[in-house]
Amino acid sequence: MEKSELSSLWMLAAAALAAVLLYLSTLRRRYVGGKPLPPGPMPLPLIGNLHCLGGTFHHTLAKLARAHGPVMTLRLGLPTAVIISSRDAAAEAYTKYDQRLAARPVPDAFRANHFSDRSMTFTPSSDPQWKSQRSIFATNIFSPRGLAELRAIRERKVRELVGYIRARAGEEMHVREVVHNGVLNLMSSSFFSVDMADVGSASAHGLRQLIEDIVAKVSSPNVSDFVPILGRLDLQGLRRKTGKLLDNAFGILDDIIEHRLDESRDNPAGKHGDFLDALLKLLSDGKIPRFYVTHMLFDVFVAGADTMTTTIEWAMAELIHNPRVMAKVQAEMKDVLGSKETIDEADVARLTYLHCVFKEAMRLHPVGCILVPHLAVQDGVEIGGYAIPKGTTVIFNAWAIMRDPTAWEEPDKFVPERFLQKSSPLDLRGKEAEFIPFGSGRRLCPGLSLADRVVPLILASLLHAFEWRLPDGMSAEKMDMTERFTTINVLATSLKAVPVVKH
């Protein structure tokens, strides 16, 4: 037997022994510092509670929480996770322990090429690098000034999207695919002045495909995450494959960056007015290292395009599925906008009911139904009377929290009016724990302010320019509104609809 094979056998034996010891310890160890650990289903050796997690992930977690409580322990292989599934538990976690829960567990695949050490998504909030990157985002792109400077680009890209649809009016189309191309162009034009969907280059298509492939690899079940002692072996090769994909994606972004640097050398006064200009100014002033530029472009581009597209598709699907709500939105637009041919962000800001539709779509079908997990970095966290030990992954089931019947009447129904009836208006910043589509606290999604402008603008533009009808033979009552979980919460059956130009 070769030395490498013998080493692997020893590693497997050690993992099996560790699993058995961990399993036995869970039968005896129910308290930490005098406080009980959260209840949960009995784990099995090695696999923990993985056998309980079939079906749609966020639905399964909610079902288990109904049996075991809104603060629940699960073993995801060997690691321990605590699932938060109610408004009150989420409020306690965010208000009392935000700092102690402000780190992230890192999927093993994202350790490739030291990606997790450089990405703002995974570095803990105590890390100076995280604070620096967060400040750059807040100051240069997601600030009111930064958003105002890019407003003309956003509006132009949405007009182009409407024009593309108008040229194909009367044809059945996949709403998600068309909108996704428009969002990709809006974001890439805002960040580095390139139309990713229409430019037609191999690199443009390649970056989009690479991002999809990276997400697929990282979302695949990985034995390195379930049995961390085996992580060094990368038995499924997911870290290695992710590393190659990241190299290729960063290569495309680096080409864009180097082209811009060449332009700057030839014409120092030439500016594009995009996010890349701001990053390169910081780089030339010696305020950031070179890797910041590529990683920050990658982080914001990956995080934004899919999530905004999916929210728009859910909102469109619910409007078509609920003719009463659609009629109310159209009536508001007629009253507020009159006969305007095109609309801008200032117009959309006056559409109160449309913003309620936007919020209700995110409440009922949050794209990040399972928020990016947190990690307890200190002992002393106590939620719902249960101890959350240091090193525990804490998962907020936003889908369950925003359907908590103690916080919402008829929580499973699409009722935008509920946001008009709330005694205190709910904003998107998660200050009230019953509504956390972007998370809350110091790990709040930094792209919130951009999504708050882009999604309502696209949604309003699609509804202002067109009537939307289902394909022949399909009725609103029979639409498939089933959810499917990948890394985000999507429609199981992609929405097909026929745009008809309004006269």
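A salt bridge does not link K241 to D234: none of the charged nitrogens lies less than 4.0 Å from a carboxylate oxygen. With respect to the salt-bridge test (charged N to carboxylate O, under 4.0 angstrom), the residues D108 and R239 qualify. E345 has a carboxylate O that lies under 4.0 Å from a charged side-chain N of R154, or vice versa, which qualifies the two as a salt bridge.
Applying the salt bridge (charged side-chain N to carboxylate O under 4.0 Å, His left out) rule to K217 yields no partners; only residues at least two apart in sequence or on another chain are considered. A search for salt bridge (charged side-chain N to carboxylate O under 4.0 Å, His left out) contacts involving D274 returns R260, not counting sequence neighbours. The salt bridge (charged side-chain N to carboxylate O under 4.0 Å, His left out) search around D306 returns R176, not counting sequence neighbours.
Here the two rings, on F142 and F275, have centers that are 6.0 Å apart or farther. Between F250 and F298, a ring centre-to-centre spacing shorter than 6.0 Å is recorded. Aromatic rings from F396 and H374 are positioned such that their centres are separated by under 6.0 Å.
Remark: L150 CG to I141 CD1 distance equals 6.0 Å, nearest 0.5 Å. To the nearest 0.5 angstrom, K413 atom NZ is 12.0 Å from E360 atom CD. Between the OG atom of S85 and the CH2 atom of W399 there is a distance of 10.0 Å, given to the nearest 0.5 Å.
Put simply, the side chain of R429 does not reach to within 4.5 Å of the side chain of F438, judged on heavy atoms. No side-chain heavy atom of V325 sits less than 4.5 Å from a side-chain heavy atom of E318. By the 4.5 Å heavy-atom criterion applied to side chains, T310 and N489 are not counted as neighbours. In this structure the side chain of L279 reaches within 4.5 angstrom of the side chain of I136, judged on heavy atoms. Between H365 and T311, every side-chain heavy-atom pair lies at or beyond the 4.5 Å cut-off. Between L210 and I252, some side-chain heavy-atom pair lies under the 4.5 Å cut-off. At a threshold of 4.5 Å between non-hydrogen side-chain atoms, the residues V372 and R104 count as touching.
Sorted by first and then second residue, the pairs that involve residues 382-401 and meet salt bridge (charged side-chain N to carboxylate O under 4.0 Å, His left out), not counting sequence neighbours, are K35-E382. Among pairs with a residue in residues 126-148, those fulfilling salt bridge (charged side-chain N to carboxylate O under 4.0 Å, His left out) read R145-E149, at least two apart in sequence or across chains. Residue pairs meeting the salt bridge (charged side-chain N to carboxylate O under 4.0 Å, His left out) criterion with at least one member in residues 479-490, sequence neighbours excluded: R403-E483.
One N or O on the side chain of K359 and one on the backbone of L426 form a donor-acceptor pair closer than 3.5 Å. For the pair R363 (side chain) and P411 (backbone), a donor-acceptor distance under 3.5 Å is present.
At most 12 non-hydrogen atoms from other residues, nucleotides or ligands lie less than 6.0 angstrom from CD of Q99.
Below 30°, between 30° and 60°, or above 60°: for F115 and F122 the angle between ring planes is above 60°, a perpendicular geometry. Using cut-offs of 30° and 60° for the angle between ring planes, the F419 and W408 rings count as tilted.
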